[in-house]
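Notes to accompany the following structure.
Keep in mind it's a predicted model, so treat the numbers as computed, not measured. So you know, we letter chains A, B, ... as the sequences are listed, proteins then strands, and number each from 1.
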There are 2 protein chains.
Amino acid sequence: MATIKDIAKQAGVTPSTVSRVLNNTGGYNDKTKAKIEAIAKSLHYQKNEAASNLVAKTSNLIGVIITDSKTSFAAPIIDSVEDTAYTNGVRILLAHCGLNNPKRLRFCLDLMAGQKVNGIISVAVQFDDDSLDYLNFTKLPLISLNVTVPHHTSVTIDDVRAAYDGTSFLIDHGYQKTALVAVDRNDPQTGSKRITGYQNAIQDAGLPLASSNIVEGDFSFEAGLKAAEKLLTGDHRPDAIFAASDDAAAGVLSYAYEHNIKVPAELAVLGFDDSHVAKIVTPALTTVKQPFSEMGRMAVEKIMAHSTTKNIMVPYQIMERQSV
Amino acid sequence: MATIKDIAKQAGVTPSTVSRVLNNTGGYNDKTKAKIEAIAKSLHYQKNEAASNLVAKTSNLIGVIITDSKTSFAAPIIDSVEDTAYTNGVRILLAHCGLNNPKRLRFCLDLMAGQKVNGIISVAVQFDDDSLDYLNFTKLPLISLNVTVPHHTSVTIDDVRAAYDGTSFLIDHGYQKTALVAVDRNDPQTGSKRITGYQNAIQDAGLPLASSNIVEGDFSFEAGLKAAEKLLTGDHRPDAIFAASDDAAAGVLSYAYEHNIKVPAELAVLGFDDSHVAKIVTPALTTVKQPFSEMGRMAVEKIMAHSTTKNIMVPYQIMERQSV
DNA sequence: ATGGTTAATGTAAACGGTTGCATAAACAAT
DNA sequence: ATTGTTTATGCAACCGTTTACATTAACCAT
């Protein structure tokens, strides 16, 4: 591969001049510029980023840490992160940290630090104390999407209010026996907040609160399926199920389909996220939309701007389709 | 950030010794090794990859080029690529090239060349002549998944036979009036191959071929929906629809649901890919599974091994669920 | 004691770009 | 003609690691 030295030799100038031309830093004759650019092109010159990064002490790389790519909302976020990065001239270093795997998260952070990334975007990643300490030590800016991280910037929706509004939406549509499904009570970020919002809405509507109406689980399809089974075989059948994710809602839909329960006539199903699956299941899911693309875009822009805002709340929105 | 020089100074040795210890290249006293490692830890030393890459003329980076992350089968591939990369000590540089966007693809390749990646994995990316020339010039090894690229390694299924077997599967289950949906006749890689396989199966079964039974389209949900509309409103209703993707199959399912057509009683639907959606739609999709995880893993391993095998065919498999 | 090995470490030159400072040439202003 | 200013380019150091080669010390065998 050709280097600036090769170009310099051919052009009869020094590497510094070539560097100046190629970086458009000014201070050279138009004719030399043209000559150098022509030679660079003819040699298919490609800058060695490692060398450049070494002196610049940066990399034009943004680290993206996600638990895994299958997480349904990872795709739209990564899409918008990539697009925004592209228009900003930075690139994406992707790493998976798994679920509750401190060792691997630590590895990811090590990797990002070694690559001297401009910043890190984490998607739905919970930081343990050790990783957080290390992150603070590296001084790398972090933008956390979906969950908050102490002393770092986060972009989230207001989960309490979103759950409140979702529940109210069901109540306003005449459903009185609602259930909340596939939430984790021990998750301080999402689960407990949504439970709070859900309960508040029920109380504010003057409806009875029954703890049996909350079925815990992760955000998966299977969690929705199991929860539906539990709820719909019992005596106190709910007439509406609010799932913590679209995947879980699809699980509910699937159970209803198997058991010939008509949605939304006999049972309303409200999803959460507005991920890809919301549009393609039958009936299409009414769901609480999280603005993932927006969040990804903001994250990149915050990093580029060295913004130090702490917690950013973005608006959610109820997407009405056919399941309520 | 601490450098090996800082460590060397504290340990009373030269940077070379530190480098040797940290890289386990041998040739040092156990006591100095212990001392250096202790100091490195206390300083939270983190190797500057740029410097290291500069002399090594490589980056331990694998470039992954995909059209976009929303593509349903990108997720499982990226998951397995990331996992395999993790266990092999390499990292992932991710770039999107969009759909039929030569300029952006060229940009991606530039980026990969600049970063001196060990190799490139492309997922369902069509290379135009210009990009291909450039790729060849860079000498970067490419592993193309899902489609073949002239003179480069590819990992694909046998699309002709997969379509043949899928169609035969429908015929064997008693469906005589099949249709193929959401394929692109002008796509030499997937579309035309699957059309060939489909037609061969029909002819071999002694059934009549009607060109109206092939409805073109991209692989999207909407394509499936539209195709279903076209096929199911006409007089010659098919009794089975073979979609080119699970998303398209979901579109068919959705149309059937809307119009009260029972699946699989009145209409069989066969998907393609076995992506995430296949399991969560109702009824769950019977589909032709592509071994995406396997393909991702192989791609990384091929790059690490500097393998030069050309075209690798991996086995597909019909996953029987409820839609046929 | 002498020479030969071996092990541990040092020396210095790379890797490819960037950049502050110096220099030279060209030009303008007195 | 002299001085000052601007423009274009060169010089050389530096970024942090790696590594071939040189050096030193220690040990062993004669």
Specify the residue among B/V55 and B/Y28 whose closest nucleotide of DNA chain C lies further upstream toward the 5′ end.
B/Y28
Rounded interatomic separation in angstrom, taking CG from B/N53 and C1' from C/dG17
15 Å
Look at all strands and tell whether B/G114 reaches a base, only sugar-phosphate, or nothing, counting heavy atoms closer than 4.0 Å.
nothing
Counting only heavy atoms not in A/K33 (residues, nucleotides, ligands), do more than 12 fall under 6.0 Å from its NZ?
yes
With sugar-phosphate meaning primed atoms plus P, OP1 and OP2, does B/K5 contact a base, only sugar-phosphate, or nothing at under 4.0 Å between heavy atoms?
base
Base, sugar-phosphate or nothing for B/T32? Non-hydrogen atoms, less than 4.0 Å.
sugar-phosphate
Any N/O donor-acceptor pair, A/R20 side-chain to D/dG10 base, under 3.5 Å
yes
Atom CE of B/M1 and atom C1' of D/dC15 are separated, to the nearest Å, by 16 Å
Contacts of A/G26 and B/S16 projected onto DNA chain D by closest heavy atom; the upstream (5') one is A/G26
Do the charged groups of B/E301 and B/R297 touch, with an N to O distance under 4.0 Å?
yes
A/T25 vs C/dT18: side-chain N/O to OP1/OP2 distance below 4.0 Å:
no
Between B/E82 and A/R104, does any side-chain N to carboxylate O distance fall below 4.0 Å?
yes
Please report, rounded to the nearest Å, how far the C1' atom of D/dT18 is from the CG atom of B/N48.
13 Å
For C/dG16, does OP1 or OP2 lie under 4.0 Å from any side-chain N or O of A/T3?
no
Starting at CD1 of B/I4 and ending at P of D/dC15, how long is that distance when rounded to a whole Å?
13 Å
Can you tell me the distance, in whole Å, between the NZ atom of B/K9 and the P atom of D/dT17?
13 Å
If you count the non-hydrogen atoms of other residues, nucleotides and ligands that lie under 6.0 Å from NZ in A/K310, is the total more than 12?
yes
Under a plain distance cut-off of 3.5 Å, with no hydrogens placed, do B/T148 and B/Q189 share a side-chain donor-acceptor pair?
yes
Option from A/D133, A/D129, A/D128 for which side-chain hydrogen bond (donor to acceptor under 3.5 Å, both in side chains) with A/S131 holds
A/D128
For D/dG10, take OP1 and OP2 only and decide whether either is under 4.0 Å from a side-chain N or O of A/T14.
yes
OP1, OP2 of D/dT17 versus side-chain N and O of B/S19: anything below 4.0 Å?
no
B/Q115 has an atom CD; how far is it from atom P of C/dG17, in whole Å?
13 Å
Quickly work out the B/I36 CD1 to C/dT9 C1' distance and round it to whole Å.
10 Å
Which nucleotide in the set C/dG10, C/dG16, D/dG10 lies at the smallest distance from any side-chain heavy atom of B/T17?
C/dG10
Atom CG of A/N29 to atom P of C/dC27: distance rounded to whole Å?
12 Å
Looking at C/dT18, I'd like to know if its phosphate oxygens (OP1 or OP2) sit under 4.0 Å from a side-chain N or O belonging to A/N23.
yes
Any side-chain N or O of B/K57 less than 4.0 Å from the OP1 or OP2 oxygen of C/dG16?
yes
With a cut-off of less than 4.0 Å, is there a side-chain N or O of A/K33 near OP1 or OP2 of D/dA8?
no
